[in-house]
Amino acid sequence: MKMKYILAGGLFMSFSLVSCLDDAFLDRTPIDKEVESTVFTNYDNFKMFAWSLYKDQISGYNSRPHTSDESDMMYWAQSPNGISLVNNRLDASNVSSDMWNFSFIRDVNIMLDNIDGASMTDKEKEHWRSVGYFFRAWAYFDLMRDFGDLPWIEHVVKTDDTDLLYGKKDSREVVANNILTNLLYAEEHINPNGDGNNTINPNVVRALISRFGLFEGTWRKYHGAVDGVDGNKYLEASVKASQNLIGQNLGLMSDYDAVFNSPSLEGESSILLYKEYLEYETKKAHNLTNDTREYQFLMEGTKRLVENYLCADGKPVSTSKVYKGDNTVYDEFENRDYRLYYTICPPYEVKLSSDRTSWEYTDNPQDRKFMDLMNELSGGSTEKKHFPLFNGPTTYTGKVPNLEAVKVGGLPTRAGYYFYRYYNNYPGAEYRENQGTDAPIFRMGEVLVNHAEAMFELGRFDQSVADLTINKLRVRANIPAMKISEIGSDFDTYRDSDVDPVLWEIRRERCSELIGSGFRFDDIKRWKKGEYLSLQPVGVKINNIEDYDNEALANSLYNGSEQPRYKNCVTYIEKPNPGWTDKCYLYPIPLKQTVLNPNLDQNPGWKD
């Protein structure tokens, strides 16, 4: 049996040819060539093929975006080891081959390699080349973010392309420059209208440039230049793309919660690309809302996240005059950024019937304060975040926070801060696999915080930029505008001393706007702030433990030795162990790949 290797699922995939196959069979045109010669002939053929690229690259709510935010701000409460720091628990022998995966890039290259021979006009060829470049650049961005240096594959690799099959990695600069070059071509040459509603068009390309340019530009600022090239050209590309989008006055959805919990995002100008779902159609629906209601994924916010949100006077909790402190969780949520209320469930309590299908208010007015506020913000709609929350199709959750150690039926939280970003009561929400709320992929909320940060890193952030970006977001958050002149070293006494006060506030705004959408872990890596992931995650503060008369809860309280202000906060998971190490900024290349190709140098720190 003869073995050969082709670029596919990983860098290599093996297949065998049985020696008894006759010569006539071996002389036949390979199936993939037959497909290429018959499928890639005209515009509609390319359009049909491209739908598979959309499907494979755009995961939407099927990928559980919030699970990618496991960090200092959120954690997976099901893990006894706390913040998993999956990097630290990997080595070259067990890293998933799904991570080092070039099969999607190969699919894109198949399409690109067949454009010139198709019966299309030059403009049509430019359009499909742009679509291919966009998807290839996006996939390479994902890979480069995880692995750094990579082999750049421009065409489909054949079995006799030994220089590629057994070649060395290209440098990060080669890969990043090719990503940017592909995206700039796509921005200029793609059909202005894409291929109809909710398809790749110039604005979607610009949104990816905005995201990629910020990431690569700040990576190089904090990790060092690559091949002598600093991050400025990538930051400038991000700024230019963002400015173009901002200049179109695409607006924002006035309801922050609706960005993530709308039956349809069609026609929303600020949502540049989204994944459409249809309720009750299993293959076109998702189960994220059901998982949130039944607490399947057990993602919780940390106290660090709750503290991140500003107060109603536009000041942080460390200096705000309207912050009531954290003596009780009710106090802690008083007078805060509305985005906190839409992300971490505010506290409430009702009296439930024995079967939890009906409820009534308690005698304590504070127990309904946030219920009334949230029902008001929902406009009285029972389909939005209407309180009390449902736990199942017909049963209510009587109390939040409902601590695991002392739970009273339904929806327990491990440490108190229930992440419920993707909670709603729209049709299908109560049934697994039947939810139809659409998932935003690229949106102006991200573009605005990208632009603010990139402008700061280039030394051009001023009040006019703040007004165009951060202050647009603060209107719907119900907090005052940022005034740069007021932000000094004492604006937030919890600030990291090595981060500029204004940059700290820009990063705060990014977290407030994007948390739960899959950005935080990558942000920490590009800022070279891995030490955040070694912090002990803590939850709500319990100042009167005797009120609970619960030994398990008492034993879970944080002693405050490393973070004194968190003394007596509930902990459910262990401190990350092992803690952060700098090799974790990049993943290891799977051992299988380095064995197949000894010229693939392992990433720093992972050889042993």
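Partners of E513 according to the side chain to side chain donor-acceptor pair (under 3.5 Å) rule, which considers only residues two or more places apart in sequence or in another chain, are R339, R443, R476. Residues passing the salt bridge (charged side-chain N to carboxylate O under 4.0 Å, His left out) test with E236, sequence neighbours excluded: R460. By the ring-ring contact (aromatic ring centres under 6.0 Å, His included) test, Y140 is found to be paired with W152, residues two or more places apart in sequence or in another chain being considered. Scanning for salt bridge (charged side-chain N to carboxylate O under 4.0 Å, His left out) contacts around E430 gives an empty result, with sequence neighbours left out. Every residue meeting the side chain to side chain contact (heavy atoms under 4.5 Å, CB included) condition with Q602, not counting sequence neighbours, appears here in chain and number order: A92, P588, I589, T594, W606, K607. Scanning for side chain to side chain donor-acceptor pair (under 3.5 Å) contacts around K284 gives an empty result, with sequence neighbours left out. Residues satisfying the side chain to side chain donor-acceptor pair (under 3.5 Å) criterion with R136, sequence neighbours excluded, are N109, E154, N182. Among residues two or more places apart in sequence or in another chain, the side chain to side chain donor-acceptor pair (under 3.5 Å) test is passed with E446 by R211, N450. Residues meeting the salt bridge (charged side-chain N to carboxylate O under 4.0 Å, His left out) test with R129, sequence neighbours left out: D116. Evaluation of the salt bridge (charged side-chain N to carboxylate O under 4.0 Å, His left out) rule for K385 yields D257 as partners, not counting sequence neighbours. V595 pairs by the side chain to side chain contact (heavy atoms under 4.5 Å, CB included) definition with L591, not counting sequence neighbours.
The aromatic rings of F141 and F215 sit perpendicular, their planes meeting at an angle over 60°, well past the 30° parallel limit. By the 30° and 60° cut-offs, the orientation of the rings of F134 relative to W138 is perpendicular. Classified by interplanar angle (parallel below 30°, tilted 30° to 60°, perpendicular above 60°), the ring pair F102/W100 is perpendicular. Between F104 and F135, the two ring planes are perpendicular [angle over 60°; tilted spans 30° to 60°]. In this pair, Y277 and Y61 present their aromatic rings parallel. The plane angle is below 30°, not in the 30 to 60° band.
A salt bridge between K158 and D161 is absent, with no side-chain N of the basic residue lying under 4.0 Å from a carboxylate O of the acidic one.
For CG of D227, the number of neighbouring non-hydrogen atoms (other residues, nucleotides, ligands) closer than 6.0 Å is greater than 12.
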For residues 266-273, please give each side-chain donor-acceptor pair under 3.5 Å, one per line with the distance, not counting sequence neighbours.
{"from": "S269", "atom 1": "OG", "to": "L250", "atom 2": "O", "distance (Å)": "2.6"}

**Message:** Run F49 and W128 through ring-ring contact (aromatic ring centres under 6.0 Å, His included) and show every step you take.
**Reply:** CA-CA 11 Å; F49 183 86; W128 287 115; 9.5 Å; no
